[in-house]
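Following: one structure in structure tokens, then a few remarks.
Side chains are part of it too, since the values below use all heavy atoms of this structure and drop only hydrogens, waters and symmetry mates. Keep in mind that what you see is a predicted model, and the values were worked out from it rather than measured. Counting convention: from 1, in listed order, for ligands and their atoms alike.
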Amino acid sequence: MEKKQQLYSGKAKSVYLTDDADKLILVYRNDTSAFDGEKLEQLDRKGKVNNKFNGFIMQYLEHHGVKTHFEQCLSDQMSLVKKLEMIPVECVVRNIAAGSLCRRLGVQEGIELVPPTFEFFLKNDALHDPMINEYHILSFGWASKSEIDAMKDMTFRVNDILQKRFLDIDLLLVDFKLEFGRYHGELLLGDEFTPDGCRLWDVQTRKKMDKDRFRQGLGGVIEAYEEVAYRLGVDID
Ligand code: ADP
């Protein structure tokens with residue numbers, strides 16, 4: 001599959017058209033950003049680890065009945081996906097309090113959330129991805145009621161599947177973000193699932209194994225991503 005014209009370049013990936021109007025190529029770059037792009041660094045091997053990591057997770061989810069845009073990894077940093085009409089909303093499930101939830105509600109990091117909580121955010125860097133509710137999504141026409149319900153169902157389903165999978169390798173799935181899009185009338189999981197968009201803590205040591213290492217300047221960012229990939233059995237080389 002040939003890479004054609006660039007459609008979009010985001011903070012971590014570049015998106016290219018292909019000779020198939022229904023398919024895109026995503027190029028995972030080494031760019032690592034936080035705080036809406038204010039902190040930006042190039043981290044060696046990140047594009048490759050995230051591309052392979054995402055391919056593994058998307059295939060695992062497909063295997064467990066979640067429909068995704070993923071087709072195949074084309075090279076170290078490139079994947080072929082179905083071209084979606086993206087819904088400009090981020091779906092977040094949290095199993096343990098961390099990050100913006102703690103800042104917003106003044107709760108302590110590490111509190112277990114039973115049942116897990118769910119949040120919608122508007123995908124808009126200039127506005128710092130504000131939290132929104134279902135009424136905003138409906139009133140502004142970002143998605144229909146049935147799409148909202150499907151996004152919530154699928155996000156909780158992904159939580160059930162991946163919480164178990166990560167626990168098997170001694171990792172707590174603290175929280176994660178998903179994006180969805182439309183493909184010929186069908187709602188599919190899009191974008192990526194990588195340590196850039198989730199929190200993973202080691203069960204025993206509580207060591208952070210995700211992008212919080214970058215946000216908080218803890219070092220060993222890619223080494224942590226590689227450790228998670230190794231435990232999962234992702235073939236990086
Ligand atoms: P951001 O836009 O948040 O900076 P990225 O750098 O990861 O994020 O850019 C990837 C962009 O591609 C995102 O805007 C994402 O919504 C979009 N995208 C992901 N998967 C698809 C897809 N299958 N079809 C169309 N757009 C997609």
Side-chain angles (χ1 to χ4, degrees), residues 1 3-43 46-59 61-62 66-74 76-92 99-100 119-132 137 142-143 147 150-151 154-155 158 175-198 210-211 214-215 221-222 225:
M1 186 70 70
K3 226 169 66 194
K4 300 271 183 192
Q5 185 196 330
Q6 183 174 288
L7 196 60
Y8 175 76
S9 187
K11 296 188 293 296
K13 300 191 289 298
S14 302
V15 182
Y16 292 87
L17 296 173
T18 66
D19 35 31
D20 181 340
D22 270 341
K23 305 276 164 67
L24 294 175
I25 288 177
L26 300 183
V27 178
Y28 285 74
R29 307 192 314 270
N30 287 340
D31 296 313
T32 313
S33 70
F35 315 120
D36 303 312
E38 266 174 48
K39 180 172 179 174
L40 180 64
E41 276 174 38
Q42 291 276 317
L43 296 182
K46 176 173 172 273
K48 180 175 169 182
V49 181
N50 274 4
N51 182 40
K52 301 279 173 91
F53 193 105
N54 177 69
F56 181 95
I57 296 284
M58 290 281 168
Q59 279 173 307
L61 290 173
E62 285 277 358
V66 178
K67 295 202 165 175
T68 82
H69 68 155
F70 183 76
E71 294 269 314
Q72 58 170 304
C73 284
L74 295 175
D76 280 355
Q77 292 185 229
M78 286 201 298
S79 279
L80 186 69
V81 298
K82 294 187 176 74
K83 183 175 191 283
L84 305 184
E85 182 195 339
M86 295 304 290
I87 295 175
V89 158
E90 301 186 340
C91 299
V92 172
S100 68
E119 297 163 339
F120 284 117
F121 295 89
L122 179 65
K123 214 176 134 56
N124 186 321
D125 282 340
L127 299 178
H128 309 292
D129 296 344
M131 191 162 83
I132 52 173
I137 300 177
W142 292 318
E147 287 172 332
M151 288 194 288
M154 284 170 80
T155 308
V158 167
D175 55 36
F176 61 93
K177 178 269 288 185
L178 299 180
E179 291 180 28
F180 294 88
R182 306 175 185 102
Y183 184 75
H184 298 293
E186 193 178 22
L187 194 81
L188 301 183
L189 174 60
D191 203 46
E192 64 174 70
F193 188 104
T194 68
D196 271 5
C198 70
D210 52 68
K211 201 161 87 173
F214 177 72
R215 292 188 191 96
V221 181
I222 299 312
Y225 288 25

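Of the protein's non-hydrogen atoms, the one nearest atom 20 (N) of ligand 1 is D191 N, 3.2 Å. Here the protein heavy atom with the shortest distance to atom 4 (O) of ligand 1 is K11 N, 2.7 Å. Taking atom 16 (O) of ligand 1 as the reference point, the nearest protein heavy-atom neighbour is E179 OE1, 2.7 Å. For atom 12 (O) of ligand 1, the closest heavy atom belonging to the protein is V15 CG2, 3.5 Å. Here the heavy atom of the protein found nearest to atom 24 (N) of ligand 1 is L84 N, 3.0 Å. Given atom 21 (C) of ligand 1, the protein heavy atom at minimum distance is M86 SD, 3.7 Å. Annotation: atom 14 (O) of ligand 1 to nearest protein heavy atom, Y8 CE2, 3.5 Å.
With hydrogens and angles left out, the side-chain atoms of T32 and E41 include no donor and acceptor closer than 3.5 Å. Checking Y225 against D210 by side-chain atom types alone, no donor-acceptor pair falls below 3.5 Å.
Residues meeting the ring-ring contact (aromatic ring centres under 6.0 Å, His included) test with F120, sequence neighbours left out: F118. Take F53 and apply the ring-ring contact (aromatic ring centres under 6.0 Å, His included) test, not counting sequence neighbours, and it matches no residue.
Contact annotation: K123 has at least one heavy atom less than 4.0 Å from an atom of ligand 1.
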May I have the step-by-step check of side-chain contact (heavy atoms from CB on, under 4.5 Å) for D191 and K177, ending in yes or no?
CA-CA 10 Å; D191 203 46; K177 178 269 288 185; 3.4 Å; yes

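Checked by distance only, ligand 1 and L26 stay at 3.5 Å or farther apart across all their nitrogen or oxygen atoms. Polar contact with ligand 1: present for H69 (N/O pair, distance under 3.5 Å). In terms of polar-atom proximity, defined here as any N/O pair under 3.5 Å, K13 does make such a contact with ligand 1.
We find that D76 and K52 are joined by a salt bridge, their nearest charged nitrogen and carboxylate oxygen being less than 4.0 Å apart.
Using a 4.0 Å cut-off to heavy atoms of A12, the atoms of ligand 1 that qualify are 5 (P), 6 (O). Each of the atoms 23 (N) of ligand 1 lies under 4.0 Å from some heavy atom of V81.
Checking K23, R29, K82 against atom 22 (C) of ligand 1, the nearest heavy atom belongs to K82.
By the 6.0 Å and 45° rule, K39 stacks over the aromatic ring of F214.
The closest side-chain heavy-atom distance from N54 to Y28 is below 4.5 Å.
Results of the salt bridge (charged side-chain N to carboxylate O under 4.0 Å, His left out) test with K11 over D129, D125, D196 single out D125 as the only residue that passes.
Within 6.0 Å of CD in Q5 there are 12 or fewer heavy atoms belonging to other residues, nucleotides or ligands.
Contact annotation: for L24 versus ligand 1, heavy atoms closer than 4.0 Å belong to the side chain alone.
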